[in-house]
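Heads up: the structure comes next, in C-alpha cells.
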Amino acid sequence: MNRWQELTGGTSGDEYAARFAELARSGKDVHGEARFCSALVPVGARVLDAGCGTGRVAIRLAELGYDCVGIDLDSSMLDVARAQAPELTWARTDLAAFDPALLGIPADFDLVVAAGNVFPLLAAGTEAEVTARLAAALRPGGLLVAGFGLDAAHLPVPPGLTTVQYDAYCAAAGLTRIGRFATWDGDPYEGGGYAVSVHRADR
C-alpha cells in the first residue's frame, strides 16, 4: 500500500474528479501539466502518465494528439479515467512493480510524466525502484518529468523526498537532469516548496 492509499482508502476517484471539474468551471487552469509536456515532445509522441489518477493529464494530451497510456494503482481513479476516455489504454499496476512487458505495453515512451505528487505519495522506500522502472520505459533520449511538493504547504503527507535525493535516484537509473522549474508554467526554480524536474535518458 502506498501513501495515497493510506490517505484515501483507494475510494476517492469520483471525489477527486469532481474537485478538478469544479476548478475548471471556476475558470482555473487545470491543464498546466499537459501544456508543459506538450512543449517538450512533438505531437504524436508516446506519453506514459505514471500515477495517472483519473486521467486528467493523459486525456488532455490525447486531445492534443499524443499517444497516451495511463497507469495507476488506485482502481477508483482508473474507473473514472476509463469512463471519461475508454479509447485510451489504462492499466492498474503498482509503480514499484511496473513491467511494461507484463502489461503488453511497448517500453519505448518519448516522455513519462509523474504529476500530482506521485513520488512523495509512493510507499516509503520505493522511490529509487520506481524511478528506475519509469526510466526503463523510456526510449533512448526520452524524458522523465516529475512535479512534486517539497514542504508541508505542498503535500498532504509529511515532507520526505528532496530534489537532491530525486536527482540521485535519476542518475542511478541512467537519467541526466536537463531542467528544473518552480511551476508547470515553467517559472525558474530558485528553491522553494515545489519543483518540476526534467531528466533525459542517456542510454
Side-chain angles (χ1 to χ4, degrees), residues 4 7-8 12-72 74 77-78 80-81 84-85 88 90 95 109-122 130-131 134 138 142-157 159 161-163 166-167 170 175 177-200:
W4 172 257
L7 282 172
T8 68
S12 63
D14 289 335
E15 178 184 347
Y16 190 87
R19 179 157 58 90
F20 274 93
E22 179 58 33
L23 286 172
R25 283 192 295 270
S26 72
K28 295 287 179 61
D29 177 15
V30 296
H31 295 305
E33 301 99 328
R35 186 169 57 251
F36 183 95
C37 292
S38 69
L40 296 175
V41 290
V43 171
R46 295 194 72 233
V47 176
L48 175 68
D49 187 353
C52 64
T54 58
R56 177 174 52 86
V57 177
I59 292 170
R60 178 57 178 162
L61 283 169
E63 290 172 348
L64 295 174
Y66 293 86
D67 180 8
C68 297
V69 173
I71 57 174
D72 204 288
D74 188 326
M77 304 285 265
L78 287 172
V80 175
Q84 292 182 339
L88 299 184
W90 308 103
L95 296 186
F109 288 95
D110 299 290
L111 185 145
V112 173
V113 56
N117 283 324
V118 167
F119 274 93
L121 291 171
L122 295 171
V130 170
T131 305
L134 296 183
L138 289 167
L143 302 176
L144 173 61
V145 181
F148 54 85
L150 302 165
D151 62 16
H154 294 86
L155 288 169
V157 295
L161 184 62
T162 68
T163 54
Y166 179 66
D167 283 346
C170 286
L175 303 172
R177 178 161 58 89
I178 61 172
R180 174 159 289 141
F181 306 89
T183 68
W184 289 100
D185 288 327
D187 297 321
Y189 182 74
E190 299 173 348
Y194 192 87
V196 180
S197 304
V198 183
H199 288 74
R200 182 182 62 226

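Looking at V43 and L64, their side chains never come closer than 4.5 Å, going by heavy atoms from C-beta outward. At least one side-chain heavy atom of L48 sits under 4.5 Å from a side-chain heavy atom of I71. Within the 4.5 Å cutoff, side-chain heavy atoms of D167 are placed close to those of H199. Side chains of L150 and T163 form a contact here, defined as non-hydrogen atoms less than 4.5 Å apart. Taking the side chain as every heavy atom from C-beta outward, W90 and L88 approach each other to under 4.5 Å. Side-chain contact check for Q84 versus I59: some heavy-atom pair is nearer than 4.5 Å. With a 4.5 Å cut-off on side-chain heavy atoms, Y66 and R60 do not count as touching. Put simply, the side chain of F36 does not reach to within 4.5 Å of the side chain of D185, judged on heavy atoms.
The two residues A182 and P188 make their nearest non-hydrogen contact at CB-O, 3.4 Å. Residues C68 and A58 approach most closely at SG-O, 3.5 Å, considering heavy atoms. When all heavy atoms are compared, the tightest approach of V118 to G51 is CG2-O, 3.8 Å. Here the closest heavy-atom approach between residue G53 and residue D72 is recorded as N-OD2, 2.7 Å. Here the shortest heavy-atom pairing between P156 and N117 reads CD-ND2, 4.2 Å. Contact detail for P159 and A152: the closest heavy-atom pair is CG-N, 3.4 Å.
Note that CG of L95 and OG1 of T131 are 10.0 Å apart. Values are rounded to the nearest 0.5 Å. Taking CG from L40 and CZ from R35, the interatomic distance works out to 12.5 Å, rounded to the nearest 0.5 Å. The CG atom of L61 lies 13.5 Å from the CZ atom of R46; values are rounded to the nearest 0.5 Å. To the nearest 0.5 Å, atom CZ of residue R180 and atom OH of residue Y166 are 8.5 Å apart. Taking SG of C37 as the reference point, atom CG of L111 lies at 5.0 Å (rounded to 0.5 Å). Of the inter-residue distances, the one linking L143 atom CG with S197 atom OG reads 12.5 Å to the nearest 0.5 angstrom.
Between Y194 and H154, the ring-plane angle classifies as tilted under the 30° and 60° cut-offs. Using bins of under 30°, 30° to 60° and over 60° for the plane-to-plane angle, the ring pair F119/F148 lands in the tilted bin.
F109 pairs in a side chain to side chain contact (heavy atoms under 4.5 Å, CB included) with only one of the listed residues (V41, V47, V69), which is V69.
Ion pairing of D49 with R56 is absent here, as no side-chain N (NZ or NE/NH1/NH2) approaches a carboxylate O to less than 4.0 Å.
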Next on the checklist: Could you walk me through whether L78 and C52 satisfy the side-chain contact (heavy atoms from CB on, under 4.5 Å) test, starting with their C-alpha distance in whole Å, then the side-chain angles of each, then the deciding distance to 0.1 Å, before giving a yes or no?
Outcome noted: CA-CA 8 Å; L78 287 172; C52 64; 3.7 Å; yes

